[in-house]
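Notes for the one structure printed next.
One-based numbering, in listed order, for ligands and for the atoms of each. Quantities reported herein were computed from a predicted structural model and do not represent experimental measurements. Values below: all heavy atoms of this structure, side chains included; hydrogens, waters and symmetry mates excluded. Each residue takes its place number in the sequence, starting with 1.
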Amino acid sequence: MQDLIKQAAADLAASSYAIVLTGAGVSTESGVADFRGPKGIWTTNPQAEAQAYQRYERFLNDPVAYWQEMLGTVGTSSNFYRQMREVAPNPGHYAIARLEQLGIIKWTITQNVDGLHEKAGTRNVMHYHGTVEKLRCLSCGSRFSVDEYSLDKLPPLCRCGRPLKYDVVHFKEPIPSDIMDAAESEAMKCDLMLICGTSAVVYPFAALPAMARSRGRGASGVKIIEVNADPTPLTQQGVSDYLIQGKTGEILPLVVDEVERLLPQRRNHD
Ligand code: APR
């Protein structure tokens, strides 16, 4: 493990345009359950996953019922979304923010809706599956902060008059095209992709590493590094160059310490 941590630090220090992709695994050490890990929400409650697959259609057909479920007043949603707004970053989030401060990580593309990357200080975050901090109008595309609405009167309405939903991408809901295009552009631009805490089984997000891999390996290609509690299809199919197996909250701070040892001149990088 120590050798791989040194290897990852050397690869990050040598990169000129690194990006990081994250999934629910980076937030489990903040107390937010993941989905498919041993104690994951879908693993422990398959009914919750079945409900989640109905959510987008429920919004389209009955926005009030959607909001009653999202606010935990009915159904299996345990007010999951409201709780998301009360959790705190862990050392893994702070390590990623530090890599951005050191000028190494240019973008963090996350599947998580918990807002913990920003709370840890990361500035360039793409919310591939949206965020609980916002509401979105499917008709005109407007986004509003949740704090602009009391959510007493359901459904909250956009200024265009149409119902608003959480700016969270539900199963069967299209990824907003602005985010999808931007994420693909970063996958095609980076020379290092650090993938943390994702099972890499949900598409189209899980296609981003293969897009980067299609640009080849070695000096003119892309270095793809996984940090994850378990091997994933990316590991098994050789899409990633190597997996550092373990907890992101423990591994990433060690990688950052090693990067700072290699790049002392960057210590005070804004
Ligand atoms: N450190 C490293 N890896 C971890 C940790 C940890 N502390 N905790 C869990 N993991 C790993 C798990 O072993 C698993 O491989 O993180 C991965 C989390 O995978 P998922 O639970 O599938 O979460 P994610 O990949 O983000 O899911 C993608 O699926 O349900 C949808 O919209 C949801 O965005 C989510 C998408």
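Within ligand 1, the atoms closer than 4.0 Å to a non-hydrogen atom of Ala229 are 2 (C), 3 (N), 4 (C), 10 (N), 13 (O), numbered from 1 in the order shown. Near Gln111, meaning under 4.0 Å from any of its heavy atoms, are these atoms of ligand 1: 25 (O), 26 (O), 28 (C), 34 (O), 36 (C). For ligand 1 and Gly25, the ligand atoms under 4.0 Å from any heavy atom of the residue are 1 (N), 4 (C), 5 (C), 6 (C), 7 (N), 8 (N), 9 (C), 10 (N), 16 (O), 18 (C). Short contacts between ligand 1 and Gly23, defined as distances under 4.0 Å to a heavy atom of the residue, involve ligand atoms 26 (O). Listed by atom number, the atoms of ligand 1 under 4.0 Å from Ala24 heavy atoms are 23 (O), 24 (P), 26 (O). Here is the list of ligand 1 atoms found below 4.0 Å of a heavy atom in Ser199: 15 (O), 17 (C), 18 (C), 19 (O), 20 (P), 22 (O), 25 (O). With ligand atoms numbered from 1 in the order given, ligand 1 contributes 21 (O), 23 (O), 30 (O), 33 (C), 35 (C) to contacts under 4.0 Å with heavy atoms of Phe35. Short contacts between ligand 1 and Asp34, defined as distances under 4.0 Å to a heavy atom of the residue, involve ligand atoms 9 (C), 12 (C), 18 (C), 21 (O).
If you check which protein heavy atom lies closest to atom 2 (C) of ligand 1, you get Gly246 O, 3.2 Å. In this structure, atom 1 (N) of ligand 1 lies nearest to the protein heavy atom Thr248 N, 3.0 Å. The single protein non-hydrogen atom nearest to atom 14 (C) of ligand 1 is Asn228 ND2, 4.0 Å, given as residue, atom name and distance. In terms of protein heavy-atom proximity, atom 34 (O) of ligand 1 is nearest to His129 ND1, 2.8 Å.
The part of Phe171 lying near ligand 1 is the side chain, judged by heavy-atom distances below 4.0 Å. Under 4.0 Å from ligand 1, heavy atoms of Arg36 appear from its side chain as well as its backbone.
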For this session: For His117 and Tyr94, run ring-ring contact (aromatic ring centres under 6.0 Å, His included): C-alpha distance rounded to whole Å, both residues' side-chain angles, the deciding distance at 0.1 Å, then the answer.
Result: CA-CA 8 Å; His117 286 301; Tyr94 287 113; over 10 Å; no
Exercise. What's the verdict on side-chain contact (heavy atoms from CB on, under 4.5 Å) for Thr22 and Gln111, showing C-alpha distance, side-chain angles and the deciding distance?
Worked result: CA-CA 6 Å; Thr22 67; Gln111 299 171 92; over 6 Å; no
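Proximity of the aromatic rings of Phe59 and Trp67 is defined here by a centroid distance below 6.0 angstrom, and this criterion is not met. Taking the six-membered ring for Trp and the full ring otherwise, His129 and Phe171 have centroids separated by 6.0 Å or more.
With respect to Asp241 and Arg217, a salt bridge is recorded, a charged nitrogen being found less than 4.0 Å from a carboxylate O.
For the residues Val202, Val201, Val169, the heavy atom positioned nearest atom 36 (C) of ligand 1 is part of Val202.
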